[in-house]
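The residues of the chain are indexed from 1 along the displayed sequence.
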Amino acid sequence: MTDYNVMPDYQTRRKIINDICEKYSFVHHSFAGKSVCGRCIDVLHIGNTKNCVLYCAGFHGSEYLTVTAVLKFFEQCADAMENDSVVGRYKIRDFLREKGLTIVPCVNPDGVEIAIHGSDAALKYKALVEKASKENKVWQANARGVDINHNFNAGWNELKSRELSMNIKAPSATRFGGNAPESEPETKALTNLCKRNNFDRAIAFHSQGREIYCSFGKHTPVMSFRLASVLSQASGYNISVPEDIATGGGFKDWFIEKFRRPALTIEMGKGKNPLPLSDFEPEYKIMLNMLCLGVIV
């Protein structure tokens, strides 16, 4: 098994993904698109091509432990498919014959690279990042200073009004939703992936808080609440409601509104972003059965 106690920057992810694909020939590797700076947005799939579950991580630059968590879980599932081994408490191979698991381990590769390596990683947007970083050193946005999880077309206009009321009017390290919904290639890559595939449900991983968000508007399916309840019981995470400035514009919101299917946001860990690498293993242990149940239930 790969050592996941590493910073999941672009080069490290390339090696991890290539190693997984070489070791497990049944893994399907593709790309949803490219980031503002031209970095690939990877998609990995195992199991049935029908009844697929989508796990996405790395929406926000400093929340990179979510990237590591989703990749580690995917590799454990691939190993279980090949060797019929147990993941958490579950023999997940039987379930993956009925359902598929698709992951987008890093939706915002530029943001993660900036959070780990600094403004040089923004390439031609270096000056923009340095200017936007003066007020907030914790980088969440993409290389153009747009918060990807404020850029989806679900309650975007209302969210934009709340941003303006908080004087968020320009590219920023966090919470600027862009000048139009789906203005960013990272957002479009994920929405187009979902439109091309018939995902049964979607779970977006963020940090931090050990919380689960499960609803958006009048179209939230009952299964969203039921799934959140099961995962809460498995992990001890609380089912919560996001603050106003984090309501609307998010991937979970868009998925529910677009498809009327279950979607959750799971906030990994507890503390202050970026969570330290030393938190990864204990937090992953808390999450593991929840990650399994997200596929199984």
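Within the 4.5 Å cutoff, the side chain of Ser229 has no heavy atoms near those of the Ile212 side chain. Residues Tyr24 and Glu75 are in side-chain contact: their nearest non-hydrogen atoms beyond the backbone lie under 4.5 Å apart. Between Pro274 and Leu65 the shortest side-chain heavy-atom distance does not fall below 4.5 Å. Between His117 and Met7 the shortest side-chain heavy-atom distance does not fall below 4.5 Å. Looking at heavy atoms from C-beta onward, Phe280 lies out of side-chain contact with Lys285 at the 4.5 angstrom threshold. At least one side-chain heavy atom of Met287 sits less than 4.5 Å from a side-chain heavy atom of Phe205. Using a 4.5 Å cut-off on side-chain heavy atoms (C-beta onward), Ile46 and Cys77 make contact. Taking the side chain as every heavy atom from C-beta outward, Thr191 and Glu182 approach each other to under 4.5 Å.
Between Arg93 and Met81 the shortest heavy-atom distance is CD-O, 3.0 Å. Among all heavy-atom pairs drawn from Arg260 and His219, the shortest one is NE-ND1, 3.1 Å. Residues Leu101 and Val295 share a closest heavy-atom pair of CD1-CG2, 4.0 Å. Nearest heavy atom pair, residue Ile114 against residue Ala143, reads CD1-CA, 3.9 Å. Here the closest heavy-atom approach between residue Cys214 and residue Phe225 is recorded as SG-CD2, 3.6 Å. Here the closest non-hydrogen pair linking Val112 and Cys106 is CG2-SG, 3.6 Å.
For His150 (side chain) and Arg175 (main-chain N/O), a donor-acceptor pair under 3.5 Å exists by modelled atom type. Panel note: side chain Thr2, backbone Tyr4; no donor-acceptor pair is recorded below 3.5 Å. The closest donor-acceptor contact from the side chain of Glu113 to the backbone of Tyr10 lies under 3.5 Å. A side-chain donor-acceptor contact under 3.5 Å links Ser35 to the backbone of Arg39. Side chain of Ser165 to main chain of Arg162: a donor-acceptor pair is present (N/O by atom type, distance under 3.5 Å, no hydrogens or angles). The backbone N or O of Phe251 lies less than 3.5 Å from a partner atom in the side chain of Asn149, making a donor-acceptor pair. Counting only distance, with no hydrogens or angles, the side chain of Ser232 and the backbone of Ala228 share no donor-acceptor pair below 3.5 Å.
Under the 4.5 Å side-chain heavy-atom criterion for ILVMFWY residues, no single connected hydrophobic cluster contains both Val104 and Ile17. No continuous path of ILVMFWY side-chain contacts below 4.5 Å connects Ile296 to Leu54, so the two sit in separate hydrophobic clusters. A continuous path of Ile, Leu, Val, Met, Phe, Trp and Tyr side chains, each step under 4.5 Å between heavy atoms, connects Ile92 with Leu231, placing both in one hydrophobic cluster. Leu128 and Ile168 are assigned to two separate hydrophobic clusters, defined by single-linkage of ILVMFWY side chains at heavy-atom distances under 4.5 Å. Criterion: ILVMFWY side-chain heavy atoms under 4.5 Å apart, direct or through other members. Under it, Val138 and Phe59 are not part of a common hydrophobic cluster.
To the nearest 0.5 Å, atoms OG1 (Thr265) and CZ (Phe216) are separated by 11.0 Å. Rounding to the nearest 0.5 angstrom, the gap separating the OH atom in Tyr125 from the NZ atom in Lys131 is 15.5 Å. Here Ser224 contributes atom OG and Ile239 contributes atom CD1; the two are 10.5 Å apart, rounded to the nearest 0.5 Å. Rounding to the nearest 0.5 Å gives a distance of 7.0 Å between CG of Asn197 and SG of Cys52. Separation of atoms CD1 (Ile20) and CZ (Arg13) is listed at 12.5 Å; rounding is to 0.5 Å. Here the CD1-CD1 distance, from Ile203 to Ile266, works out to 4.5 Å after rounding to the nearest 0.5 Å.
A 6.0 Å sphere centred on NZ of Lys169 holds no more than 12 heavy atoms belonging to other residues, nucleotides or ligands. Residue-environment remark: NZ (Lys99) exceeds the threshold of 12 foreign heavy atoms within 6.0 Å. The number of heavy atoms from other shown groups lying within 6.0 Å of CG (Asp94) is above 12.
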Checklist line | Check against side-chain contact (heavy atoms from CB on, under 4.5 Å), Arg201 and Met223 | finding: CA-CA 9 Å; Arg201 67 186 65 155; Met223 186 58 186; 3.9 Å; yes
Next item on the list: Starting from the C-alpha separation in whole Å, work towards a yes-or-no answer on side-chain contact (heavy atoms from CB on, under 4.5 Å) for Phe255 and Phe199.
Entry: CA-CA 10 Å; Phe255 192 91; Phe199 295 119; 4.1 Å; yes
Item checked: Chi angles and distances behind the side-chain contact (heavy atoms from CB on, under 4.5 Å) call for Phe73, Tyr55 -> CA-CA 10 Å; Phe73 178 67; Tyr55 282 5; 3.7 Å; yes
Next item on the list: Before giving the answer on side-chain contact (heavy atoms from CB on, under 4.5 Å), spell out for Met268 and Tyr237 the whole-Å C-alpha distance, their side-chain angles and the decisive distance to 0.1 Å.
Entry: CA-CA 9 Å; Met268 173 186 181; Tyr237 278 35; 4.3 Å; yes
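Ring centroids of His29 and Phe31 are separated by less than 6.0 Å, placing the two rings close together.
Contact check on Asp42 versus Arg14 returns a salt bridge, with a Lys/Arg side-chain nitrogen under 4.0 Å from an Asp/Glu carboxylate oxygen. A salt bridge links Asp84 with Lys91: the distance from a Lys NZ or Arg NE/NH1/NH2 to an Asp or Glu carboxylate oxygen falls below 4.0 Å.
A donor and an acceptor atom, one from each side chain of Asn151 and Glu184, are nowhere located under 3.5 Å apart.
Of the options Ile256, Asp200, Asn198, a side chain to side chain contact (heavy atoms under 4.5 Å, CB included) to Arg261 is made by Asn198 and by none of the others. Screening Arg210, Glu211, Glu267 against Ser240 for a side chain to side chain donor-acceptor pair (under 3.5 Å) leaves a single residue, Glu211.
Sorted by first and then second residue, the pairs that involve residues 60-73 and meet side chain to side chain donor-acceptor pair (under 3.5 Å), not counting sequence neighbours, are His60-Glu63, His60-Asp147, His60-His206, Ser62-Gln140, Glu63-Gln140, Glu63-His206, Lys72-Glu281.
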